Amino acid sequence: MSSLGVVTPASMHFGTPLSLQSGAVLRDYTLMYETYGRLNADRSNAVLVCHALNASHHAAGLHAGDDGQPLPRSQGWWDNMIGPGKPLDTDRFFVICINNPGSCFGSTGPMHTNPDTGRIYGADFPVATVEDWVHAQARVLDRLGIDTLAAVMGGSLGGMQAQAWALLYPQRVRHCLVIASAPNLSAQNIAFNEVARRAIVTDPDFHHGHFYEHGVVPRRGLRVARMIGHITYLSDDVMDEKFGRERVGREMGDTPAYSTQDIEFQVESYLRYQGDKFSDYFDANTYLLITRALDYFDPARSHGGDLTAAMAAAQARFLVVSFTTDWRFSPARSREIVKALLDNRRDVSYAEIDAPHGHDAFLLDDPRYHGVVRACFKRIAQEHQA
Amino acid sequence: MTDRDLHQVIAELVPVGAHVLDLGCGNGALLAYLRDHRGCTGYGIEIDDAKVLTCVERGVNVIQRNLEEGLSIFDDNSFDVVLQLDTLQHLRNTEAMLRETARVGRMGIVSFPNFAHWPHRLSVLRGRMPVSKSLPYQWYDTPNIRVATFADFEVLARRNGLRILSSFGTRTGSVVRRWPNLLASTAVFQFDRS
């Protein structure tokens, strides 16, 4: 049960155009967001939480149905991290989570009408980068009257946004928590994204990204995209422990079905279920857009590939966390971030958590992981009381 | 000698405002002391989860890492001072780490239990491995896999082209400068590259 109880999302409309890195412009857009806790009188206790690929502004608490009662399984994606008495303690901090443009959870995205054409954006929704998102988030904070963040925090793609915040708005970020992230995607990582994108784009129901007009959803592509993603979020060991060679409806020693089409192994059933669930709620164009934002993130690019030179702009105190079994965003990648900060003599602490769960560990509640995040926020709270 | 006393003695060897790397920084107490009393900056390296957490709580920069993996994350001369206190005796690659210490720091300070302290000699004369306040382990459960004397370190330092700037021992709250190989329970060396 969530200790934050029922939370209500809010929306913010922007009539001022947002220029994107690509040169495209979002002329008119709306962003969804949620806040938890209270902003203090000197507005110094705000913490921005950035969401990753599959998530939304609903980071913590529960959503209510029409009857005002909490909906089952409506817990926010980082509910174990955020709330009263939790590592990011909402009794002390004012927490904000913003749904990025291009998403499919209420912020302006490819399923909305393009004001320039009167047609649903679909594939025409402009590619936004991590940096574009950060600029969009900064506008939300401006409106909320928050000049400086006590901290910005994110895992995976969220950790990339946290890094971008520290580089683009160094004066507005006091602490930066980068969890299970990387300074850019490796070729292997881009390759996984590309397989997922090809699965979607080659689905006959995709209609070049304008499937809304045809009243269909490229469900097959989304399913496969999610299955690939899911495999890479887990470690080999965890998958083995969870499923092993367990069979569906058969005992270990039983004869197989000798079928190429039917589900034989438990892991197949699990992946198909995850894929089905995902294709019910996630938008295909959003998946393409967000994986592209992941691919493009590379703060060192404008410094000739020199991450140390790129990180020179950062002023925040960093906490970088990685998980030993995370092979999608491996500890070695987090250590690159740490090294670039060390080279610049920036304040940085680095925790390498020996957890078995792979990339997914950043959403789970390993006590060593939560302990170090809790310690960091405790320190931040002490600092701004002093 | 309490930790706090030893911290003060070591801290006096660290120039005010120095950029410091503390190898095996434990709970970060010394780095916090150097920050608060001598205006130092820097980082600690620590492998233990609980100690890393305490460092974060203290606001001491800590990098969780196994020292046996070396210091390749740090460039040459990136620190004014590298501390290696009560750490060297736990490392398999003691000599390599000493060279690394001299590479990344302009000055190194090491401390370790002096195995030649006279009560230990007596113990060995009596035919038993020493167990004392400074070496509180039995031979079969000790984490001290490198057992050295004050005099031994001088030899190792010379072998690696290190110049000893100062050396002394400590014992129960006081600095020992006379016959430290015999009279000190802990050896302290301050050195640089000659």
Side-chain angles (χ1 to χ4, degrees), chain A residues 87 150-151 153 174-179 306-309 311 316-324 331-355 366-386, chain B residues 15 17-32 34-36 39-82 100-101 103-106:
Chain A
M153 175 188 192
R174 290 209 300 274
H175 292 261
C176 182
L177 289 83
V178 179
I179 298 163
D306 184 347
L307 187 63
T308 295
M311 284 292 179
R317 306 193 59 170
F318 281 74
L319 175 67
V320 179
V321 181
S322 74
F323 301 94
T324 49
R333 304 310 317 278
S334 281
R335 285 199 292 262
E336 288 178 36
I337 301 170
V338 172
K339 171 150 178 51
L341 291 164
L342 289 172
D343 290 344
N344 285 291
R345 295 197 172 189
R346 294 296 181 268
D347 283 312
V348 53
S349 283
Y350 171 59
E352 197 168 296
I353 309 292
D354 188 12
D366 182 284
R368 289 158 300 177
Y369 162 43
H370 273 203
V372 80
V373 172
R374 183 186 293 275
C376 182
F377 277 111
K378 213 169 127 187
R379 178 77 192 174
I380 297 170
Q382 280 165 4
E383 270 169 22
H384 77 75
Q385 271 159 17
Chain B
H19 194 51
V20 180
L21 178 64
D22 187 353
L23 304 176
C25 68
N27 60 21
L30 178 58
L31 280 172
L34 288 169
R35 173 193 65 199
D36 299 341
C40 294
T41 57
Y43 309 93
I45 298 192
E46 180 55 54
I47 190 169
D48 182 77
D49 290 322
K51 289 173 181 163
V52 166
L53 190 144
T54 311
C55 287
V56 171
E57 219 161 44
R58 279 200 155 111
V60 163
N61 292 325
V62 62
I63 311 297
Q64 186 163 32
R65 189 145 177 81
N66 185 351
L67 281 177
E68 302 283 9
E69 286 163 25
L71 301 178
S72 57
I73 197 165
F74 300 107
D75 289 341
D76 296 358
N77 292 315
S78 36
F79 294 93
D80 300 315
V81 179
V82 180
E100 280 286 88
T101 298
R103 177 183 68 80
V104 302
R106 274 178 275 277

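All values reported here derive from a predicted model rather than from experimental measurement. Order of the sequence lines sets the chain letters (A, B, ...), proteins ahead of strands, with each chain counted from 1.
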Report which part of B/Arg58 has an atom under 4.5 Å of a heavy atom belonging to chain A: side chain, backbone, both, or neither. backbone
Of the backbone (N, CA, C, O) and the side chain (C-beta and beyond), which part of A/Lys339 lies under 4.5 Å from a heavy atom of chain B, both, or neither? both
Region of A/Arg317 that comes under 4.5 Å of a non-hydrogen atom in chain B: side chain
Residue among A/Asp347, A/Val338, A/Val320 with most heavy-atom pairs under 4.5 Å to chain B: A/Asp347
Contact leader toward chain B among A/Glu336, A/Lys378, A/Arg374, where contacts are heavy-atom pairs under 4.5 Å: A/Lys378
Below 4.5 Å, heavy-atom pairs only: which of B/Ile73, B/Thr41, B/Ile63 has the largest tally toward chain A? B/Ile73
Name all residues meeting the side-chain contact (heavy atoms from CB on, under 4.5 Å) criterion together with A/Thr308; count only those two or more places apart in sequence or in a different chain, and write none if there are none. A/Asp306, A/Ala340, A/Asp343, A/Asn344
Those residues at least two apart in sequence (or on a different chain) that pass side-chain contact (heavy atoms from CB on, under 4.5 Å) with A/Pro367 are none
If you define the side chain from C-beta out and look only at heavy atoms, does anything of B/Gln64 sit under 4.5 Å from B/Asp49? yes
Any side-chain heavy atom of A/Leu319 within less than 4.5 Å of one from A/His175? no
Please check: side-chain N/O of B/Asp80 versus main-chain N/O of B/His19, any donor-acceptor pairing under 3.5 Å? yes
